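Step one of this worksheet: look at the structure below.
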Amino acid sequence: MTYPTPRRRVVLLGATGSIGRQACDVIAKFPDRFELVGAVAGRDAAALEAIATRFGVARTALVHPDPSATLPEGCESGMDAACEIAAMDADVVCVAITGAAAIRPTLAAIDAGASVATATKEVLVMAGELVKARAAAAGARIIPIDSEHSALWQCLRGEDPSSVSRLVLTASGGPFLKRPLDTFATITPAEALAHPTWNMGPKVTIDSATMMNKGLEVIEAHFLFDTPYASIDVSIHPTSIVHSWVEFRDGAVVAQMGVPDMRVPIALALADGERLPGVGPHLDLRDVSPLEFLPVDGERFPAVALARMAGERGGLAPCIFNAANEEAVTAFTAAKCRFDEIVPLVGAALEAFGEGDASTLDGVLAADGWARDFVRANTAETVAAR
Ligand SMILES: NC(=O)c1ccc[n+]([C@@H]2O[C@H](COP(=O)([O-])OP(=O)(O)OC[C@H]3O[C@@H](n4cnc5c(N)ncnc54)[C@H](OP(=O)(O)O)[C@@H]3O)[C@@H](O)[C@H]2O)c1
């Protein structure tokens, strides 16, 4: 089949995950608009091979292939290969690798001057200043996919930044919005993985249950939109219809809404802000009223205040916040820490951390490693063995 040129050449990092699969849906729905030229995943060889075959992808790589298995034909392996693919001649590099593991390929894409459509909030949190400096140097753009930040991006399009008085991120509140606080110590990973409105990968789902996700998003918003922390607020909105809103100095409020469906912000980012037809389901506001908005209960969800504190401290504190959280989530899923210990562990890491250099990748990775060691040392035993 021939297509009108130019189709946008897309590289997909984290192709086999929840965001990656939905990005594939978008690319498959608009074959005349997008061409998938590179795809990277962690270790799921079968899923990556299926994507390579379906889209005729020129280059693929697994960062951590199973050493005992044979790689699919033509598939490369390792982080260097992932970075080379991220730096291919593409119009847009979609970043959807979970967590800090995405930093090197994201920087490779930025250094190549690509438009980087990122779902991976952790990269901006751990290295916001570095990422922005490298993007400015290379002329690369960073386009948000996270639904809240895509919403803010949409609300801010065409607006004078100095007319903004406040950004408000919405949060569903996750599965434990109404659970009695005195039962938080017994929350299991299975319970934390049951999100009421979004179907996502496991790490971001647990982050949503602790609201660490919203804390990460506050820091992400600060870096994406150059907004001071004092002007970024969070509101609980259980049905996730309003994805976020912006308040302007004249009193106007602009919100972005839709049925929760990540394909909408993914398509918007891949198409560089163009609205493609029929991406998400139709929303009639009369079917979802009344819309409910609540303040964040700081006792139930201390993660948001902790994130704000880490963000305002600046330097490598957001990096420590992110890495300690990633490691604490791993410990929780391995029954080495309780659900209600995740945020205090991150707080303890922040308190124990000294100084470092946030302006270099080496400095960021050293802090990241320090925080992981700190949490591992404090979660060495299973909860049952304590
Ligand atoms: N899912 C959502 O609706 C959503 C919404 C907003 C933001 N986000 C953000 O998007 C990112 C991805 O989330 P997700 O829900 O799509 O996660 P996911 O379903 O767990 O998928 C993660 C992807 O990253 C790959 N990966 C994991 N660890 C890796 C590593 N060490 N090196 C290289 N690749 C690795 C996985 O590959 P294998 O499967 O091959 O191991 C998979 O392709 C996260 O930062 C999340 O916060 C997600």
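Whatever order the structure lists them in is the order used to number ligands and atoms, beginning at 1. The model shown is predicted, which means the values in this text are computed figures rather than measured ones. Residues take their numbers from the sequence shown, with the count starting at 1.
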Salt-bridge test for Arg43 and Asp66: reply yes if a basic N is under 4.0 Å from a carboxylate O, no otherwise.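 The answer is no: the pair does not qualify as a salt bridge.
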Salt-bridge present (Asp226, Lys132; N to O < 4.0 Å): yes
Scan residues 354-386 for pairs that pass ring pair (Phe, Tyr, Trp, His ring centres under 6.0 Å), counting only residues two or more places apart or in two chains.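 Sorted result for residues 354-386: Phe353-Trp370, Trp370-Phe374.
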Under 3.5 Å, is there a donor on one side chain and an acceptor on the other for Lys121 and Asn322?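 No - no donor-acceptor pair under 3.5 Å links their side chains.
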Decide whether His195 and Ser172 meet the rule of one side-chain donor and one side-chain acceptor closer than 3.5 Å.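 Indeed, the side chains of His195 and Ser172 share at least one donor-acceptor pair under 3.5 Å.
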Could you name the protein residues that come within less than 4.0 Å of ligand 1, counting only heavy atoms, and order them by chain and residue number? Gly14, Ala15, Thr16, Gly17, Ser18, Ile19, Ala41, Gly42, Arg43, Asp44, Val63, His64, Ala96, Ile97, Thr98, Ala101, Ala119, Thr120, Lys121, Glu122, Asp146, Met200, Gly201, Pro202, Val204, Met262
Parallel, tilted or perpendicular, as decided by the 30° and 60° cut-offs, for the rings of Trp245 and Phe293: perpendicular
